[in-house]
Amino acid sequence: MKIVIIHGQNHKGSTYMAARALADKVGGQIQEFFLPRDFGHPCTGCTTCFRTELSHCPHYEQLEPLAEAMLESDLIILDSPVYVYHASGQMMSFLDHFGTWWVVHRPRPEMSRKQAVAISTAAGGGMKSTARDMADSLEMWGIRKVYRLGFGVQATKPSEIPAGIRRKIDRKTSSLARRIQQNHGKTGCNPRARLWFSLMRFAHKHFAPMEPDYGYWEEQGWHQGNRPWRSQIEHMHETPEK
Ligand SMILES: Cc1cc2nc3c(=O)[nH]c(=O)nc-3n(C[C@H](O)[C@H](O)[C@H](O)COP(=O)(O)O)c2cc1C
């Protein structure tokens with residue numbers, strides 16, 4: 001399995017430890033990126049990606065290796081410590097660059113064969129909202145299965161984590177790794193993205209076309225019977241929807 005981990009922090013603390021434990025248990029080829037070391041630009045709000053292509057983003061040279069690694073992977077892991085109840089600023093800045101991948105714009109069909117995990121650790125609170133910050137993007141990119149994992153570690157570094165919480169991290173990462181292995185190779189779309197796909201398809205058919213999104217959907221056959229989560233072979237045998 002090809003695994004890419006985007007760490008929302010530069011250091012190897014509790015969050016790194018939990019994410020890396022999960023990836024090691026899933027097993028396979030693991031590629032890691034650290035933010036902001038490997039990508040540290042805030043979005044400038046120029047909207048070039050929405051009006052043209054993500055590849056025209058002023059930060060694309062630094063973004064490309066991370067974007068390509070995610071597109072080629074089977075499993076994407078995003079992790080972040082909780083910083084004032086949310087994902088780190090650098091993680092949010094990174095995710096801001098992928099607005100065009102959202103299902104309401106120009107989703108990538110590759111996402112339908114991927115799984116993803118949003119992992120957060122906190123001293124005590126904010127794990128849910130932080131995991132949600134990352135899961136929002138993963139789900140809206142159309143990834144088939146998105147898992148969330150949060151740990152209240154009662155610590156600011158791994159050596160301080162109480163033994164009981166260490167055991168919990170071990171147990172939860174082991175059971176999630178097994179689920180990920182069992183679900184490997186399946187294709188589909190999470191229910192949230194599927195709903196938004198249907199709403200956008202309706203909008204495309206009933207309101208003035210917004211380019212370049214409309215043309216992209218047309219090329220993909222999504223205004224007809226094809227869907228991002230179906231293979232081309234299935235599509236060839238199918239009668240287009242009315
Ligand atoms: C700037 C900052 C903000 C933080 N905000 C919270 C918070 O809102 N809630 C919380 O429980 N812990 C908070 N913490 C503690 C960390 O989330 C926690 O120690 C985490 O496990 C650190 O992960 P790391 O070892 O990977 O850096 C904060 C820490 C920092 C540095």
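Here the structure is a predicted model, which means the values were calculated and not measured.
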(message) Quick one, T173 and D24 - any side-chain contact, counting heavy atoms below 4.5 Å?
(response)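 The answer is no; the side chains never approach within 4.5 Å.
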(message) If I take atom CE from residue M1 and atom CD from residue Q181, how far apart are they, to the nearest 0.5 angstrom?
(response)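 Going from CE on M1 over to CD on Q181, the span is 6.0 Å.
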(request) Give a yes or no answer on whether the side chain of S198 reaches the backbone of R194 with a donor-acceptor pair at less than 3.5 Å. (result)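 Checked: pair present.
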(message) Could you walk me through whether F33 and H7 satisfy the side chain to side chain contact (heavy atoms under 4.5 Å, CB included) test, starting with their C-alpha distance in whole Å, then the side-chain angles of each, then the deciding distance to 0.1 Å, before giving a yes or no?
(response) CA-CA 6 Å; F33 296 95; H7 300 288; over 6 Å; no
(request) May I ask whether V103 and V146 are part of the same hydrophobic cluster, defined by side-chain heavy atoms of I, L, V, M, F, W, Y residues being less than 4.5 angstrom apart, directly or through others? (result)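 V103 and V146: one cluster.
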(request) Please tell me if the side chains of F50 and D213 come closer than 4.5 Å, counting only heavy atoms from C-beta onward. (result)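 A side-chain contact under 4.5 Å is absent here.
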(message) Take a 6.0 Å sphere around CH2 of W222 and say whether it holds more than 12 heavy atoms from other residues, nucleotides or ligands.
(response)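 Counting neighbours around CH2 of W222, more than 12 heavy atoms of other residues, nucleotides or ligands fall under 6.0 Å, so yes.
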(request) Compute whether any side-chain donor of one residue and acceptor of the other, for Q9 and Y16, lie under 3.5 angstrom apart. (result)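 No - no donor-acceptor pair under 3.5 Å links their side chains.
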(request) Decide side chain to side chain contact (heavy atoms under 4.5 Å, CB included) for L63 and F94; before the verdict, give the C-alpha distance in whole Å, the side-chain angles of both, and the deciding distance to 0.1 Å. (result) CA-CA 9 Å; L63 191 65; F94 170 70; 3.9 Å; yes
(message) Test of understanding: clusters of I, L, V, M, F, W, Y form through side-chain heavy atoms closer than 4.5 Å, transitively. Do W217 and L195 belong to the same one?
(response)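 Linked within one cluster.
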(request) Evaluate the side-chain proximity of R132 to E139: yes if any heavy-atom separation is below 4.5 Å, no if none is. (result)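 Counting from C-beta outward, E139 and R132 never come under 4.5 Å.
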(request) Would you check, one step at a time, whether the test side chain to side chain donor-acceptor pair (under 3.5 Å) holds for S73 with K2? (result) CA-CA 5 Å; S73 68; K2 277 191 178 176; over 6 Å; no
(message) If hydrophobic clusters are built from ILVMFWY residues whose side chains come within less than 4.5 Å, do M70 and W229 share one?
(response)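 Shared cluster, yes.
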(request) For R201 and Q224, indicate whether the former's side chain and the latter's backbone hold a donor-acceptor pair under 3.5 Å. (result)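 Yes, R201 side chain to Q224 backbone: donor-acceptor pair under 3.5 Å.
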(request) Would you indicate whether the side-chain heavy atoms of I161 and M17 approach each other to under 4.5 Å? (result)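 Answer yes - side chains close enough.
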(request) With rounding to the nearest 0.5 Å, note down the distance linking CG in L35 to OG in S88. (result)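 The CG atom of L35 sits 6.5 Å away from the OG atom of S88.
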(request) Determine, stepwise, if the pair D74 / R144 fulfils salt bridge (charged side-chain N to carboxylate O under 4.0 Å, His left out). (result) CA-CA 11 Å; D74 302 299; R144 190 182 76 75; over 6 Å; no
(request) First locate atom OH of Y83, then atom CD of Q90, and finally report the distance between them rounded to the nearest 0.5 Å. (result)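 It is 6.5 Å, given to the nearest 0.5 Å.
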(request) Ignoring hydrogens and angles, tell me if any N or O in the side chain of D96 forms a donor-acceptor pair with the backbone of C43 under 3.5 Å. (result)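 Flag not set: sc D96 to bb C43 has no pair under 3.5 Å.
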(request) Keeping the roles fixed (side chain from H105, backbone from W101), state whether a donor-acceptor pair exists under 3.5 Å. (result)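 It does not hold such a pair.
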(message) Give me the atom names and distance for the closest heavy-atom approach of K114 to I76.
(response)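 For K114 and I76, the tightest heavy-atom pair comes out as CD-CD1, 4.0 Å.
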(message) With no hydrogens and no angle check, just 3.5 Å: does a side-chain donor-acceptor pair link D38 and Q62?
(response)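 The criterion, which ignores hydrogens and geometry beyond distance, is not satisfied for Q62 and D38.
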(request) Mind checking the CD1-CG spacing from I5 to L22? Nearest 0.5 Å is all I need. (result)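 The distance works out to 8.0 Å.
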(message) Which residue is it: N190, L95, D136? I am looking for the one with a side-chain contact (heavy atoms from CB on, under 4.5 Å) to W141.
(response)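 Output: one option passes, namely L95.
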(request) Using a cut-off of 6.0 Å, state whether more than 12 heavy atoms not belonging to K168 lie near its atom NZ. (result)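 Check fails, neighbour count at 12 or below.
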(request) Give a yes or no answer on whether the side chain of R51 reaches the backbone of E211 with a donor-acceptor pair at less than 3.5 Å. (result)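 No; judged by distance alone, with no hydrogens or angles, the pair does not exist.
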(request) Over all heavy atoms of both residues, which pair between A131 and A118 is shortest? Give the atoms and the distance, please. (result)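 Minimum heavy-atom contact is O-CB, 3.5 Å.
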(message) For a quick test of reading the model, state the closest non-hydrogen atom pair linking G126 to S129 and the distance between them.
(response)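 Of all heavy-atom pairs spanning G126 and S129, the closest is O-OG, 3.3 Å.
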(request) To the nearest 0.5 angstrom, please state how far the OG atom of S112 sits from the CD1 atom of I143. (result)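 S112 atom OG to I143 atom CD1 measures 10.0 Å (nearest 0.5 Å).
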(message) Check for me whether the distance between the ring centres of Y60 and H97 falls short of 6.0 Å.
(response)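 Ring centres of H97 and Y60 not closer than 6.0 Å.
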(message) For D170 and K25: C-alpha separation, side-chain torsions, deciding distance, then whether side chain to side chain contact (heavy atoms under 4.5 Å, CB included) applies.
(response) CA-CA 10 Å; D170 185 40; K25 287 173 185 177; 2.6 Å; yes
(message) Tell me if the CZ atom of R113 is crowded by more than 12 foreign heavy atoms within 6.0 Å.
(response)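 Correct, the count exceeds 12.
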(request) Tell me, with the steps shown, if Q29 and I3 meet side chain to side chain contact (heavy atoms under 4.5 Å, CB included). (result) CA-CA 6 Å; Q29 191 186 317; I3 303 170; over 6 Å; no
(message) Distance check, rounded to the nearest 0.5 Å: L71 atom CG versus L66 atom CG?
(response)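 Between atom CG of L71 and atom CG of L66 there are 11.0 Å.
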(request) Could you pull out the closest heavy-atom pair between G150 and M127, with the gap in Å? (result)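 Looking at all heavy atoms of both residues, the closest pair is CA-CB, 3.9 Å.
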(request) Would you name the heavy atoms of S80 and T130 that are closest together and state the gap between them? (result)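 So the two residues come closest at O-CG2, 4.0 Å.
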(message) Using only atom types and a distance under 3.5 Å, with no angle test, would you say the side chain of D79 pairs donor to acceptor with the backbone of S120?
(response)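 Between the backbone of S120 and the side chain of D79 there is no qualifying donor-acceptor contact (under 3.5 Å).
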(message) When you measure from the side chain of Q115 to the backbone of I180, do you find a donor-acceptor pair of N or O atoms at a distance under 3.5 Å?
(response)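 Indeed, once roles are kept as given, a pair shorter than 3.5 Å links the two residues.
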(message) What I'd like to find out is whether the side chain of N10 reaches to under 4.5 Å of the side chain of P36, using heavy atoms alone.
(response)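 A side-chain contact under 4.5 Å exists here.
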(message) Would you say F39 ends up clustered with I6 if hydrophobic residues are merged whenever their side chains have heavy atoms under 4.5 Å apart, either directly or through other cluster members?
(response)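 Yes, one cluster joins them.
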(message) Quick one, E32 and R20 - any side-chain contact, counting heavy atoms below 4.5 Å?
(response)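 In short, these two side chains touch, coming nearer than 4.5 Å.
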(request) Verify whether one side chain among T15 and T121 offers a donor that lies under 3.5 Å from an acceptor in the other. (result)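 Their side chains do contain a donor-acceptor pair, which is all the 3.5 Å distance test asks for.
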(request) Verify the cluster assignment for Y147 and L138: are they in a single hydrophobic cluster under the rule of side-chain heavy atoms below 4.5 Å apart? (result)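 No: no chain of side-chain contacts under 4.5 Å links Y147 to L138.
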(request) Decide if the gap between the ring center of W102 and the ring center of F197 is smaller than 6.0 angstrom. (result)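 No, the ring of W102 stays outside the 6.0 Å limit from the ring of F197, centre to centre.
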(message) Using side-chain heavy atoms (C-beta onward) and a distance below 4.5 Å, is R37 in contact with H11?
(response)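 The answer is no, as the side chains (C-beta and beyond) never meet within the 4.5 Å cut-off.
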(request) Return the minimal non-hydrogen interatomic distance between T52 and R106, and the atom names on each side. (result)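 Minimum heavy-atom separation between T52 and R106: O-NH1, 2.8 Å.
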(request) Could you check whether the rings of H59 and H41 sit parallel, tilted or perpendicular, using 30° and 60° as the cut-offs? (result)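 It falls in the parallel class, under 30°.
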(message) Contact between I77 and V26 at the side-chain level, heavy atoms closer than 4.5 Å - yes or no?
(response)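 No, their side chains stay 4.5 Å or more apart.
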